[in-house]
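Everything numeric in this text was worked out from a predicted model, so none of it was measured. Order of the sequence lines fixes the chain letters, A, B, ..., with proteins taken first and strands second; residue numbering starts at 1 for each chain.
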Protein chains: 2
Amino acid sequence: MQNILFGTSYLGTNYAGWQRQNNALGIQEVIENALEEICGQKIEIFASGRTDAGVHAFEQCFSAKLNFKEVKKLPNALNAKLPEDIRILWAKEVDDNFHARFSAHKKTYIYRIKTEYIESPFDSFITTYLSFNLNLEKMQQAAKLFIGQHNFKAFCSANTSCQDFVREIYSLNIQRQGQLYEFEICGNGFLYNMVRIIVGTLVDVGRGRLTTENVQQLLNGNERKNAGKTMPAKGLILKNVEY
Amino acid sequence: MQNILFGTSYLGTNYAGWQRQNNALGIQEVIENALEEICGQKIEIFASGRTDAGVHAFEQCFSAKLNFKEVKKLPNALNAKLPEDIRILWAKEVDDNFHARFSAHKKTYIYRIKTEYIESPFDSFITTYLSFNLNLEKMQQAAKLFIGQHNFKAFCSANTSCQDFVREIYSLNIQRQGQLYEFEICGNGFLYNMVRIIVGTLVDVGRGRLTTENVQQLLNGNERKNAGKTMPAKGLILKNVEY
């Protein structure tokens, strides 16, 4: 058996997230079905991590064990079977002990916000629209506090079985172009809903509901309920995974 | 009755074009239905021009005669009834003799092309993907020939009842950003499929199938069949209409 790593891009709008599940269509299932068509047998795939319902990916990675003569031709073969909102970008053979989840050491997410009243039909499915203004400088100041290793318990959904809340954030940049704010956050791993809660907290700073001191307190052990809201899934995009 | 001009943005992907028609859903019908819900009576709307099936608009304009107390509140009221892929951007009262079609004196279209092999789920519905490279400089040289007043018969679908093929092009710029080529064309009016055929002809120049001399011959009276193909609808966006 070959161990193959794939890059995939998808619009999460029409899916119940990455994970295969009952009663709803996950992206994993759609790709596994396409692989089964091509390889003639059931194949399980393992992503770098799950993305939630409605979350998108510019470049998610997953691995699978299978036999295929010309690995370079796998993306084409799969794309012919997949719907337009899921594309396989590339495929390459990796070591036998490589695992898309456990071998990942860096992930980057983007969160898109527009402060416009009327949502554009051209990007409303990959952008969260807010009807109030944001102070970019204040958000950028607070963003710096997240850099480094911290206990992110206050930035994790209460709905988790996770025990270890320590993660490291390598960078967290906020860029503004007109009414579009793009948050780019890179770290060694993320807790459940962590990016969406961090962005929700920064939005509260940007609108004056929280201060940088409040953010520091949250990182020092304050509770989840005092952090910002979990932002909607549709504005979140997994940019890439590094191995 | 008030005469009201509206700005609207729509993703044409799921519609059979602007025009109301039998057996297929036009954007006009969707907006007229929303207006009827709000005003309690059937109201006919008149656009600056039709857009074909699959063509989009950043800002299309249409006018309608109706009575509504606070015109500023019309966009909100309509957006609450409209699907997410059609938005009303603004509404304002205009003179009684104003007509969205006949009063328009300038229209600008954008055509988006990417020369990438794998279509992105994030823009494949507003971009035409080509699997060959384009020479930007050659296309820009040929583009200059279109500026000014010409007989555009060679750049009009044979399927037309139009008799007057003279139009004026004010500007035609091609910008490249990575693999994305954006054609922006502004004129006093456009014949049926004219933008898509002009872009198809420039693409033929960009891939070396046609020369600038060929383009000049087409503008001097050569036939439609010697021009480029009609490019797919999905890459075409009506940018705005000027009055």
Side-chain angles (χ1 to χ4, degrees), chain A residues 6-15 27 30-31 51 54-60 72-80 82-91 110 112 114 116-129 131 177-179 182 232 234-240, chain B residues 6-15 27 30-31 51 54-60 72-80 82-91 110 112 114 116-129 131 177-179 182 232 234-240:
Chain A
F6 298 79
T8 177
S9 182
Y10 50 81
L11 202 61
T13 314
N14 297 318
Y15 301 97
I27 292 150
V30 178
I31 296 176
T51 50
V55 173
H56 321 284
F58 286 151
E59 191 184 89
Q60 162 76 292
K72 271 188 185 172
K73 292 190 174 171
L74 265 170
N76 266 351
L78 284 166
N79 286 334
L82 289 167
E84 280 185 354
D85 52 7
I86 303 177
R87 294 288 91 183
I88 304 297
L89 304 174
W90 47 262
I110 286 173
R112 286 168 52 91
K114 269 194 184 168
E116 273 172 4
Y117 189 66
I118 296 171
E119 304 199 3
S120 164
F122 293 86
D123 73 5
S124 64
F125 45 88
I126 55 161
T127 311
T128 292
Y129 278 71
S131 55
Q177 215 180 358
Q179 298 309 98
E182 224 172 72
K234 68 174 188 166
L236 185 61
I237 304 160
L238 173 57
K239 187 186 179 195
N240 66 347
Chain B
F6 298 80
T8 175
S9 182
Y10 50 82
L11 201 63
T13 314
N14 297 319
Y15 301 97
I27 293 150
V30 178
I31 296 177
T51 50
V55 174
H56 321 284
F58 286 151
E59 191 186 87
Q60 162 76 292
K72 272 189 186 171
K73 291 190 174 172
L74 264 171
N76 266 352
L78 284 165
N79 286 334
L82 289 167
E84 279 186 355
D85 52 7
I86 303 177
R87 294 288 92 184
I88 304 299
L89 303 174
W90 47 263
I110 286 173
R112 286 168 52 93
K114 270 195 183 169
E116 273 173 3
Y117 189 67
I118 297 172
E119 303 199 3
S120 164
F122 293 86
D123 72 6
S124 63
F125 45 89
I126 55 160
T127 311
T128 292
Y129 278 71
S131 55
Q177 216 181 357
Q179 298 309 100
E182 225 173 70
K234 68 174 189 167
L236 185 61
I237 304 159
L238 173 56
K239 188 187 178 194
N240 65 346

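With a threshold of 4.5 angstrom between heavy atoms, B/I88 approaches chain A through N, CA, C or O but not through any side-chain atom. Residue B/L11 touches chain A through both its backbone and its side chain, counting heavy-atom pairs closer than 4.5 Å. For chain B, the nearby parts of A/S9 are the backbone and the side chain; heavy atoms of each come within less than 4.5 Å. Heavy atoms closer than 4.5 Å to chain A are found in the side chain of B/F125, but not in its backbone.
Heavy-atom minimum distance, B/F122 versus A/Y10: CZ-O, 3.3 Å.
With sequence neighbours excluded, no residue satisfies ring pair (Phe, Tyr, Trp, His ring centres under 6.0 Å) with B/Y129.
Contact annotation: the side chain of A/N76 approaches that of B/Y117 to within less than 4.5 Å [non-hydrogen atoms, C-beta and beyond].
Contact count against chain B (heavy-atom pairs under 4.5 Å) is highest for A/R87 among A/R87, A/E84, A/H56.
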